[in-house]
Amino acid sequence: MDNILEVKNLYKLYGANKSAALKLSKQGMTKDEIYRKTKVTMALNNINLDVKKGEILVIIGLSGSGKSTLLRMFNKLNVPSSGKIIFQDKDIARLNKNGLRDFRKNNIAMVFQNFGLMDHKNVLKNISYGLEIKGLNSKLAEEKSLAMMKMVGLDGLENESINSLSGGMKQRVGIARGLATDPEILLMDEPFSALDPLVRRDMQFELISLQENLETTIIFITHDIDEAFKLGDRVAILKDGELIQLDTPANISKNPANEYVEDFIGNADKSKVITVRDIMIRPNSVVRLKDSPIHALNIMKENAVSSAYVLGPKLKFQGVITLDDALKASRLNLSIEEVLIKDVALADLDSTVHEIMDMSVESPYPIAVIDKSKELKGIVSKVHILTSIK
Amino acid sequence: MKNISKKILCLFLILFTLITSSTSFANSPVKFADAGWDSIKFHNALCGLILENVFDYTYTEVPGGSSILHEGIKKGEIQINMETWTDNINGYYQDLDAGKLVELGSNFDDNRQGIYVPRYVIEGDRERGIKALAPNLKTVEDLSQYSHIFKDEDDPSKGRLLGATPGWDVDKILLKKYEHYDLDKNYVYFRSGSQSAHDATITSAYEKGEPILTYYWEPTWLMGKYDFVLLEDKPYEETKYQNGETSFPSVNVTISVSNDFYNDENNKDVIEFLKLYKTSSKLTSLALSHMQDTGEDYEQTALWFISENPDLIKSWLGTKNYEKLISSLNSKNKGSNNFFREFPFKLNINYDNIDETVRDFSIRHDKFFGAIRNGLKNLVSLIENILTFIPWLVFIILVFLVGYKSSKKISTGLLYGCLLLLIGSLGLWNLMIETLSIVIASVVISLLLGFPLGILISSNELANKITRPILDCLQTMPVFVYLIPALLFFGLGKAPAVIATTIYAIVPIIRLTNHGIREIDYEIVEASESFGASFIQTLINVKIPQALPTIMEGVNQTIMMAMSMVVTTSMIGATGLGMEVLVSVNRIEIGRGIISGGAVVILAILLDRMTQGIIRKTGDDNNG
């Protein structure tokens with residue numbers, strides 16, 4: 001994948017004697033030593049990272065770790081003390097006024113923690129704000145904004161005032177406003193932390209599906225490790241202004257860079273990281289749609305189970321046949337298809353264990369795991385789920 | 001650290017108790033009336049000095065308008081009035097006959113008053129290069145030919161006669177004289193509103209060498225300092241004088257005391273002394289010009305006067321008391337000051353220099369200030385014309401509609417309309433229009449200047465740091481201080497009134513614009529910037545609309561501050577409701593004061609409620 005942003009040797013310092021502090025840092029002195037010597041605080045200390053086109057990069061850290069500072073440098077709301085942020089061969093940190101405005105108008109947008117909405121404008125006007133600044137005529141801006149509203153589930157609310165919306169709705173407006181200008185990069189500064197947990201889960205889900213359709217690169221800030229692992233294609237862990245680890249959630253779980261990361265993800269719910277692919281088993285009790293019920297009964301008997309998974313042509317998953325139904329079918333001379341149970345719990349290969357947990361409790365038989373072409377890949381039983389998160 | 005400061009505090013407390021306990025509190029001090037002009041303050045100092053050193057009294061002065069001080073004497077709250085201008089005080093003789101106060105004889109009665117012009121108007125002044133504009137001007141009657149010389153600033157087709165301070169008795173007689181000589185045809189009778197404004201106008205005209213026509217009187221430092229000619233009038237006749245047909249008599253300026261003071265046995269000696277106290281206009285003028293020349297204060301001038309006129313003082317006190325006075329004064333001069341109880345250092349600041357500098361500045365840049373004056377005058381008359389053009393009924397209906405629309409209640413609209421109807425039916429409609437036009441002009445200018453300034457300081461730390469102390473100054477500086485420079489630079493009337501009002505009323509709009517913008521949720525501003533909005537775009541689309549409720553609060557405050565200046569600016573000749581209030585205060589006319597004051601209140605409340613209503617509406621629009 002191509003890099004859309006490259007961050008090189010990025011520093012942010014607060015204090016009077018910045019150049020001296022920078023020099024000391026390059027000599028390898030630690031943050032504390034530098035502070036003692038120069039009274040300069042290093043908010044960001046030599047950050048290097050790439051952002052890949054189309055990914056969701058989550059930056060996570062405790063408050064004061066510098067994650068917001070870093071994010072705000074991508075659109076120069078904060079100005080780096082030193083270092084480069086390369087976008088399309090240009091250093092954002094060194095853009096002049098007009099260059100920066102053009103970059104902000106066309107390439108990057110931001111969603112704010114407390115929404116940053118203008119309550120003197122209605123929903124539609126808020127969403128079209130970026131387009132108006134971009135110079136689009138108001139009719140086009142309105143059309144585009146209405147389309148955006150539909151996409152984020154706000155249709156019909158265009159004339160509502162901002163203050164009449166719930167928190168979740170407000171952030172939808174924020175996201176729609178951010179996406180309206182078709183930015184290549186969307187910065188999200190703890191966008192869901194002001195929302196209550198149920199709404200947050202919905203919003204996370206919607207964000208993922210939105211992003212899959214739009215292929216916008218998203219840089220997402222959070223302090224919630226679950227959220228990070230759920231949303232992030234890759235997760236960057238910041239501590240005290242330094243980048244500790246940058247990797248996929250699974251890799252971080254498997255190989256935490258140090259004890260800090262281990263502690264950090266220790267809080268994480270493993271069920272949200274481990275996917276079905278990791279725990280499923282190959283099903284033995286499988287029959288074809290065109291097989292006879294007797295054959296199905298035999299397969300079940302061989303494997304000592306009370307159900308069998310039914311596949312159609314090209315191994316496409318069709319449903320489940322139970323022992324009782326197979327008996328009934330052979331007695332009444334029916335085909336498997338006539339007694340097939342089609343309403344069966346299904347899981348995706350990439351679903352997390354957490355996502356299928358409720359399903360598995362309700363389902364009378366192990367959950368079928370399928371891929372995009374509906375091919376049966378495996379099954380997951382309650383036992384597997386329990387052992388995986390132990 | 002804490003201990004040391006505690007010890008110091010203890011030390012101070014002990015010192016304080018020692019000092020206060022060692023002070024013997026004398027009887028409560030004698031209160032002299034201080035009507036504000038120099039000669040009365042000089043006589044207070046002279047008499048007070050004698051009271052202190054001979055009769056062991058202490059004294060203070062109570063400042064106020066002459067009518068108010070007269071009331072004070074009647075009530076016994078003030079004990080001595082050294083200069084009771086008998087003819088000029090409304091109802092003085094009735095009060096005297098009714099025994100409400102006691103007159104102890106004349107202080108001086110050789111004073112003059114009447115209509116004056118600078119000598120250079122008649123004779124020219126070669127040194128200053130001033131041509132004689134009216135070489136044949138001798139009498140009041142001649143004035144009708146010369147109206148073009150004494151041009152009125154507000155109405156250049158007429159001349160301007162500067163009348164007396166509104167409320168003085170002589171004001172009525174002057175008005176009759178003005179009509180008697182048919183001066184009303186081509187002159188405007190202009191009241192300066194207050195003594196200091198009057199003086200400043202004369203001073204600045206004289207320094208600029210401009211012609212001026214004014215009522216004035218002697219003894220005063222002003223007549224001592226500048227060369228003025230009293231225009232001749234017909235010889236004084238008691239009956240005709242009241243109608244303004246003859247010259248003014250010399251007013252008998254008496255010393256009056258309150259009944260309580262007179263009847264107190266302990267004051268017997270003082271009463272005897274006051275009965276003998278007599279100076280003359282000439283002696284007083286001499287003392288005043290000595291003071292003006294040397295820059296001494298009143299008490300120092302009084303000391304000088306005592307040393308210059310030993311025989312006169314002796315005739316008041318008798319030899320024995322005179323010697324007591326001299327020895328007491330000498331011992332005081334020799335005796336060292338108590339270092340702790342009297343401030344040992346004094347910076348000698350020459351106020352005259354400041355006065356002169358300001359005056360010179362105003363003269364040198366007269367053209368510039370003249371242009372501003374004209375602009376302001378035109379603005380006020382434009383607004384006034386518009387307001388007068390609207391028929392009163394339409395006006396009331398408009399106010400009703402605004403009241404109704406902003407509160408959504410018919411009753412509120414009706415109330416507003418009725419209040420306005422009340423002002424009209426009290427006969428104050430035209431005065432209200434005049435007041436309103438000054439207020440609106442000031443508010444418009446305040447908003448035009450204050451709003452951008454507020455925006456500037458909200459986005460620029462340096463500008464904010466510079467502006468803040470200035471705003472603090474503007475807000476806490478006593479408003480009267482603005483009047484004098486406004487007067488010097490812009491003359492009398494509506495233009496300086498607008499300036500003074502603007503200076504006072506501009507502060508809230510600056511402050512609240514700044515505050516409103518700074519209070520905005522900064523995330524919203526950043527959101528706007530993050531889409532590439534420029535400073536101006538963010539300002540117009542986000543900052544101003546978001547800060548609008550606070551800014552409107554500032555507009556409301558500015559209007560209210562402007563309203564509160566209405567009475568004050570009448571002291572520099574701004575006509576309207578304020579002038580009515582001022583006149584009634586000067587004349588102690590309670591009824592007139594309540595009516596005109598009530599009209600000011602009604603106007604203020606209407607303006608406040610209507611702007612508040614509009615603010616609420618903008619607030620609702622923002623949220624709904």
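Convention: sequence-line order gives letters A, B, ...; per-chain numbering from 1.
- No option in A:Lys76, A:Met110, A:Arg104 other than A:Arg104 meets the side chain to side chain contact (heavy atoms under 4.5 Å, CB included) test with B:Glu529.
- In this structure, the portion of A:Asn75 lying under 4.5 Å from any heavy atom of chain B is its side chain and not its backbone.
- By the neighbour-count criterion of 12 heavy atoms within 6.0 Å, atom NZ of A:Lys105 is densely surrounded, having more than that number from other residues, nucleotides or ligands.
- Of all heavy-atom pairs between A:Gly116 and B:Ala527, the closest is O-CB, 3.5 Å.
- Between the OG1 atom of B:Thr538 and the CD1 atom of A:Ile133 there is a distance of 6.5 Å, given to the nearest 0.5 Å.
- Annotation: the span from A:Lys121 atom NZ to B:Gln546 atom CD amounts to 10.0 Å, rounded to 0.5 Å.
- Counting heavy-atom pairs closer than 4.5 Å to chain A, the top-ranked of the candidates B:Asp521, B:Ile520, B:Val542 is B:Val542.
- Crowding of A:Lys144 atom NZ: a count of heavy atoms from other residues, nucleotides or ligands under 6.0 Å exceeding 12.
- Listed by sequence position, the residues of residues 443-473 of chain B in contact with chain A number zero, using a 4.5 angstrom heavy-atom cutoff.
- Looking at A:Glu160, there are no atoms closer than 4.5 Å to chain B (heavy atoms on both sides), in backbone or side chain.
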Would B:Glu523 and A:Leu117 satisfy side-chain contact (heavy atoms from CB on, under 4.5 Å), going step by step from the backbone distance to the final call?
CA-CA 8 Å; B:Glu523 221 175 47; A:Leu117 300 175; over 6 Å; no

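- The most heavy-atom pairs under 4.5 Å with chain B, out of A:Lys134, A:Lys97, A:Arg177, come from A:Arg177.
- Listed for the A:Arg101 side chain is a donor-acceptor partner under 3.5 Å among the backbone atoms of B:Gly532.
- Taking the side chain as every heavy atom from C-beta outward, B:Phe531 and A:Glu132 never approach each other to under 4.5 Å.
- Remark: the backbone N or O of B:Ala547 is not paired with any side-chain donor or acceptor of A:His120 at under 3.5 angstrom.
- With values rounded to the nearest 0.5 angstrom, B:Ser530 atom OG is found 9.0 Å from A:Tyr129 atom OH.
- When heavy atoms are compared at a cutoff of 4.5 Å, A:Arg72 approaches chain B solely by way of its side chain, counted from C-beta outward.
- Within residues 499-509 of chain B, no residue has a heavy atom under 4.5 Å from a heavy atom of chain A.
- Proximity to chain B (any heavy atom under 4.5 Å) is restricted, for A:Phe115, to the backbone atoms N, CA, C and O.
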